[in-house]
Amino acid sequence: DRDDEDAFVAALCSPDCPRVIVDFTAMKPSQVQSVRRAHEKLPLAHYIFVSTNMAYPGGVERMDVSATDGRIAEKAARLGSASEAPCNYGGNKLKCEALLH
């Protein structure tokens, strides 16, 4: 259960847990914070956070890349505006991205 932070951190710190995590399910900043907390206790070798294109220009409300040529560099994510992002899918993913940088 991603929302039971203590149980989730304990599971990630278990000796049976792989030290490489590919995270498809984190949707809220608190869920990414849980991973960071576990990493501080027992370091992960790799953590891959699967985000969304809505963290880039054209998102967080809706994805509209019509003003671009279709190629968007990772550095274009508006991490500095994460605190003002709405609490919706795209906004929460942007907040997660900001926590990881």
Undergrad: Once rounded to the nearest 0.5 Å, what's the spacing between atom SG of C87 and atom NZ of K95?
TA: 3.5 Å

Undergrad: Give, for atom CD of Q33 and atom OG of S30, the distance between the pair rounded to the nearest 0.5 Å.
TA: 8.0 Å

Undergrad: Flag yes if more than 12 heavy atoms outside H101 fall under 6.0 Å of its NE2 atom; otherwise flag no.
TA: yes

Undergrad: Nearest 0.5 Å, please: how far is CD in Q31 from SG in C96?
TA: 7.0 Å

Undergrad: Is any side-chain heavy atom of V22 closer than 4.5 Å to a side-chain heavy atom of F49?
TA: no

Undergrad: Using atom types as modelled and distance alone, determine if a side-chain donor or acceptor of H46 lies under 3.5 Å from a backbone N or O of V20.
TA: no

Undergrad: Taking K93 for its side chain and A26 for its backbone only, find out whether a donor-acceptor pair lies under 3.5 Å.
TA: yes

Undergrad: Quick check: does any side chain N or O of R19 sit under 3.5 Å from a backbone N or O of L42, one acting as donor and the other as acceptor?
TA: yes

Undergrad: Distance check, rounded to the nearest 0.5 Å: S34 atom OG versus H39 atom NE2?
TA: 14.5 Å

Undergrad: So, using side chain to side chain donor-acceptor pair (under 3.5 Å) as the criterion, who are the partners of R2 when residues are at least two apart?
TA: D23, T25

Undergrad: Linking I/L/V/M/F/W/Y whenever their side-chain heavy atoms sit closer than 4.5 Å, directly or via other members, would M27 and V9 fall into one cluster?
TA: no

Undergrad: Got a sec, which residues hit salt bridge (Lys or Arg N to Asp or Glu O under 4.0 Å) with D3, two or more places apart in sequence or on another chain?
TA: K28

Undergrad: Would you call D6 and R37 a side-chain contact if the rule is heavy atoms closer than 4.5 Å?
TA: yes

Undergrad: With rounding to the nearest 0.5 angstrom, report the CZ to OG distance, F24 to S51.
TA: 12.5 Å

Undergrad: Indicate the atoms forming the closest heavy-atom contact of I21 with C17, along with that distance.
TA: CD1-SG, 4.1 Å

Undergrad: Any idea which heavy atoms bring P18 and L44 closest together, and the distance?
TA: O-CD2, 4.4 Å

Undergrad: Using atom types as modelled and distance alone, determine if a side-chain donor or acceptor of S14 lies under 3.5 Å from a backbone N or O of A10.
TA: no

Undergrad: Could you check if a side-chain atom of V35 sits within less than 4.5 angstrom of a side-chain atom of L100, using non-hydrogen atoms only?
TA: no

Undergrad: Just so I know, are the side chains of Y47 and V32 near enough to count as touching, which here means a heavy-atom distance under 4.5 Å?
TA: yes

